[in-house]
Amino acid sequence: QVRLVESGGKTVPAGASLRISCLASGLPFSSYSMGWFRQPPGKEREFVAGIGGTDNTINYADSVKGRFVISRDNAKDTVYLQMNSLRPEDTAVYFCVSGLVIRPIYDPTYSDRFYYWGQGTQVTVSS
């Protein structure tokens with residue numbers, strides 16, 4: 001059974017940095033792409049960042065490019081999201097996902113069929 005467990009979310013002031021983590025189990029971690037999506041309050045879920053399994057190809061949403069860094073440690077079955085220069089609009093529940101391919105968009109039908117999802121971790125950026 002695949003399990004993704006996020007951790008590290010908390011409330012921080014604008015301009016701060018924060019790293020959230022996702023520990024995976026029940027899948028061949030190094031072979032799977034990993035990604036982060038987020039859902040701001042009252043808004044749709046959106047893609048944040050993705051990292052390939054075999055080739056480590058990385059994609060970012062334009063809104064986080066240059067501020068966020070996704071990385072993975074295959075020895076620890078863990079993917080990270082380092083978030084710098086945080087803004088109030090980054091406030092959201094952040095979800096970890098795994099799949100063979102992580103698309104840089106949120107497609108509910110595709111994601112329900114092809115992704116495994118974590119339970120989410122709340123990140124709040126105060127102004």
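Keep in mind that what you see is a predicted model, and the values were worked out from it rather than measured.
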field: Residue pairs involving residues 21-127 (criterion disulfide bond (SG atoms under 2.5 Å apart); sequence neighbours excluded)
entry: Cys22-Cys96
message: Assess the residue pair Thr91 and Val123 against the criterion (side-chain contact (heavy atoms from CB on, under 4.5 Å)); give the C-alpha distance rounded to whole Å, side-chain angles, the decisive distance to 0.1 Å, and a yes or no.
response: CA-CA 5 Å; Thr91 294; Val123 173; over 6 Å; no
- prompt: Do Phe47 and Trp36 pass the side-chain contact (heavy atoms from CB on, under 4.5 Å) test, and can you show the C-alpha distance, the side-chain angles, and the key distance before you say yes or no?
  reply: CA-CA 7 Å; Phe47 170 80; Trp36 291 96; over 6 Å; no
How far does [atom1] of [X] sit from [atom2] of [Y], to the nearest 0.5 angstrom?
X      : Y      : atom1 : atom2 : value
Phe114 : Ser98  : CZ    : OG    : 13.5 Å
Asp77  : Met34  : CG    : CE    : 9.0 Å
Asp107 : Asp112 : CG    : CG    : 9.0 Å
Ile58  : Ile70  : CD1   : CD1   : 7.0 Å
Phe68  : Tyr94  : CZ    : OH    : 4.0 Å
Ile102 : Phe37  : CD1   : CZ    : 6.5 Å

Beyond-backbone contact of [X] with [Y], side-chain heavy atoms, under 4.5 angstrom:
X      : Y      : answer
Tyr106 : Ser111 : yes
Trp117 : Leu4   : no
Lys76  : Phe29  : no

Closest approach of Ser30 to Arg72 (non-hydrogen atoms, all atoms of both residues):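 Looking at all heavy atoms of both residues, the shortest contact is CA-NH2, 3.8 Å.
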- prompt: Which pair of non-hydrogen atoms, one from Leu81 and one from Ala49, has the smallest distance, and what is that distance?
  reply: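 Taking every non-hydrogen atom into account, CD1-CB, 4.2 Å.
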Electrostatic pair Asp90-Arg87, nearest N-O below 4.0 angstrom: no
- request: Compute both the distance and the angle, then confirm whether Arg45 meets the cation-pi test with Phe95: under 6.0 Å from the six-membered ring centre, within 45 degrees of the axis.
  value: yes
task: Establish, yes or no, whether the cationic atom of Arg103 lies under 6.0 Å from the six-membered ring centre of Tyr110 and within 45° of the ring axis.
output: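 Verdict for Tyr110: a cation-pi partner in Arg103.
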- prompt: Would you say Val97 and Ile105 are hydrophobically clustered, going by side-chain heavy atoms of ILVMFWY under 4.5 Å?
  reply: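 Different clusters: Val97 never reaches Ile105 through Ile, Leu, Val, Met, Phe, Trp or Tyr contacts under 4.5 Å.
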message: Please determine whether side chain to side chain donor-acceptor pair (under 3.5 Å) holds for the pair Thr124 and Gln122, giving the CA-CA distance in whole Å, both sets of side-chain angles, and the decisive distance to 0.1 Å.
response: CA-CA 6 Å; Thr124 301; Gln122 176 71 46; 3.2 Å; yes
field: Main-chain N/O of Ser7 paired with Thr121 side-chain donor or acceptor, under 3.5 Å
entry: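 Judged by distance alone, no pair lies under 3.5 Å.
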query: Among side-chain atoms of Gln119 and Glu6, is any donor-acceptor pair under 3.5 angstrom?
result: yes
task: Sequence neighbours left out, what passes side-chain contact (heavy atoms from CB on, under 4.5 Å) with Ser63? Give chain and number order.
output: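 Per chain and number, Ser63 pairs via side-chain contact (heavy atoms from CB on, under 4.5 Å) with Arg38, Ala61.
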Enumerate, atom names and distances included, each donor-acceptor pair closer than 3.5 Å involving a side-chain atom of residues 12-21, sequence neighbours excluded.
{"from": "Ser17", "atom 1": "OG", "to": "Asn84", "atom 2": "OD1", "distance (Å)": "3.0"}

